[in-house]
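One structure is given here, and the rest of the page talks about it.
Model, not experiment: these values are computed from the prediction. Keep in mind that the numbers below use all heavy atoms, side chains included, and drop hydrogens, waters and symmetry copies.
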Amino acid sequence: MATDHYFSAEPGKPEIRKPLTVELDGQVRHLTTSNGIFSPEGIDKGTAVLLAEVPAPPSAGNLLDIGCGWGPIALTLGLKSPAAAVTAVDVNTRCIALTNDNAQTLGLHNVQACLPDEVDPELRFDAIWSNPPIRIGKSELHDLLMLWLPRLAPGGNAWLVVQKNLGSDSLQRWLAAELPAEFRVSRESTAKAFRILRIRRAAATR
C-alpha cells in the first residue's frame, strides 16, 4: 500500500501512468491509474464493500467522496446519479488529476476532483461516501472527518467503510460523542472484516 496517498501532496517518485480495467456500476470500465497513490492496482477491499453494501445515492443534489484516490467512489456516484454534482477531494494532486481524467474518459461532466481548500466552505452535501484514510493516525483522521461530516445537509446521509481491526467500533463511538445532536451514528452492516457506518443528519424542521 502506497503511503504517499496519505501524507504527500506531491508523491516523491515520478509518475508512471498505466491502464486500469475495473468494473464500476455493473460495467467494465477502461481507466488510468499510476504509482504514488492508494490502491493503484484496482478497487481495494474496503471500497468494494462500500460500493456493494451502501444504498443508491440521491439522484440529484451535491455528493462528496472524501479521499478519492484514482476515483472509484466518485466515478460510481457520477455514474449512478448523472443529475447530481459530485465533488471528490484528496490531498494528493496525482489522485486529483487521475480522478478528473477518468471522469473525462467516462464522459462524466458531473464529477470534479479538487484539493480540500478549493471546496466552497458554504457547500452542503446530500450524501457523503468515503473509505477514509484510517492510517493517517487518529488525530488527523478525527480532524478530517470533523471537517467534512458537519457539511452534511439536513436529511442527508454519510456512509463510511472502516476495517474492524482498525478501530471501526471506537470510531463509531467517537463520532456519536463529537458530532452535534442532530447527527445520528449507527453501524449498518458488517462484511468481509469491514463495518459500514452511517451518519444521518436530521431533516430540517419547518
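The existence of a salt bridge linking R173 and E178 is excluded, since no basic side-chain nitrogen approaches an acidic carboxylate oxygen closer than 4.0 Å. Salt bridge present: E15 and R17 bring a charged side-chain N and a carboxylate O closer than 4.0 Å.
Taking 4.5 Å as the limit, every side-chain heavy atom of D101 sits out of range of all side-chain heavy atoms of L31. Side-chain contact between L64 and V119 is absent, with no heavy atoms from C-beta onward closer than 4.5 Å. Within the 4.5 Å cutoff, the side chain of S186 has heavy atoms near those of the R200 side chain. A 4.5 Å side-chain heavy-atom check between T190 and I196 finds every atom pair outside the cut-off. Using a 4.5 Å heavy-atom cutoff, the side chains of L79 and Q27 are not in contact. Side-chain atoms of L145 and L175, non-hydrogen and from C-beta on, do get closer than 4.5 Å to each other. Annotation: side chain of V89 is in contact with side chain of T87 (closest heavy-atom distance under 4.5 Å). In this structure, the side chains of L123 and N62 come closer than 4.5 Å at one or more pairs of heavy atoms.
Listed by first and then second residue, the ring-ring contact (aromatic ring centres under 6.0 Å, His included) pairs that reach into residues 69-122 come to none, sequence neighbours excluded.
Taking CD from Q163 and NZ from K192, the interatomic distance works out to 13.0 Å, rounded to the nearest 0.5 Å. With values rounded to the nearest 0.5 angstrom, F194 atom CZ is found 10.5 Å from L50 atom CG. Atom CD in Q112 sits 9.5 Å away from atom CD1 in I96 (nearest 0.5 Å). Considering SG of C68 and CZ of F38, their distance stands at 12.0 Å, rounded to 0.5 Å. To the nearest 0.5 Å, atom CD1 of residue I128 and atom CZ of residue R198 are 13.5 Å apart. Distance check: R195 CZ to K164 NZ gives 5.0 Å after rounding to the nearest 0.5 Å.
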Decide yes or no on side chain to side chain contact (heavy atoms under 4.5 Å, CB included) for V111 and N102, but give the supporting numbers first. CA-CA 10 Å; V111 175; N102 285 330; over 6 Å; no

Determine whether W129 and D65 satisfy the following criterion, side chain to side chain contact (heavy atoms under 4.5 Å, CB included), listing intermediate values before the conclusion. CA-CA 5 Å; W129 286 17; D65 170 17; 5.7 Å; no

Go through it in stages, so that I can follow the logic: the residues are L179 and L149, the test is side chain to side chain contact (heavy atoms under 4.5 Å, CB included), and I'd like the CA-CA distance, side-chain angles, deciding distance and then a yes or no. CA-CA 8 Å; L179 286 168; L149 292 179; 4.2 Å; yes

Test log, rule side chain to side chain contact (heavy atoms under 4.5 Å, CB included), inputs L115 and T93: CA-CA 7 Å; L115 293 168; T93 56; 4.3 Å; yes

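The heavy-atom pair separating R124 from P121 by the smallest distance is NH1-O, 2.9 Å. Across all their heavy atoms, I199 and L152 have their closest contact at O-CD2, 3.5 Å. Here the closest heavy-atom approach between residue A74 and residue A88 is recorded as CB-CB, 3.7 Å. A pairwise comparison of heavy atoms in I134 and L141 identifies CD1-CD2, 3.5 Å as the closest pair. The shortest heavy-atom contact between P57 and K80 is CD-CD, 3.8 Å. When all heavy atoms of I37 and S34 are compared, the pair lying nearest together is CG1-O, 3.4 Å.
For E140, the CD atom sits in a packed shell: over 12 heavy atoms of surrounding residues, nucleotides or ligands are nearer than 6.0 Å.
Side chain of D126 to main chain of G61: no donor-acceptor pair is present (N/O by atom type, distance under 3.5 Å, no hydrogens or angles). The backbone N or O of T76 sits nowhere less than 3.5 Å from a side-chain atom of D25 that would complete a donor-acceptor pair. Here the side chain of D90 pairs no donor or acceptor atom with the backbone of T99 at under 3.5 angstrom. No donor-acceptor pair under 3.5 Å is formed between the side chain of R29 and the backbone N or O of V22. In terms of modelled atom types and a separation under 3.5 Å, the side chain of S81 and the main chain of P58 share a donor-acceptor contact.
A side-chain donor-acceptor contact under 3.5 Å links N131 and T47. Remark: the S39 side chain and the E41 side chain contain no N/O donor-acceptor pair separated by less than 3.5 Å.
Taking the six-membered ring where the residue is Trp, W148 and F125 present perpendicular rings, their angle passing 60° and hence far from 30°.
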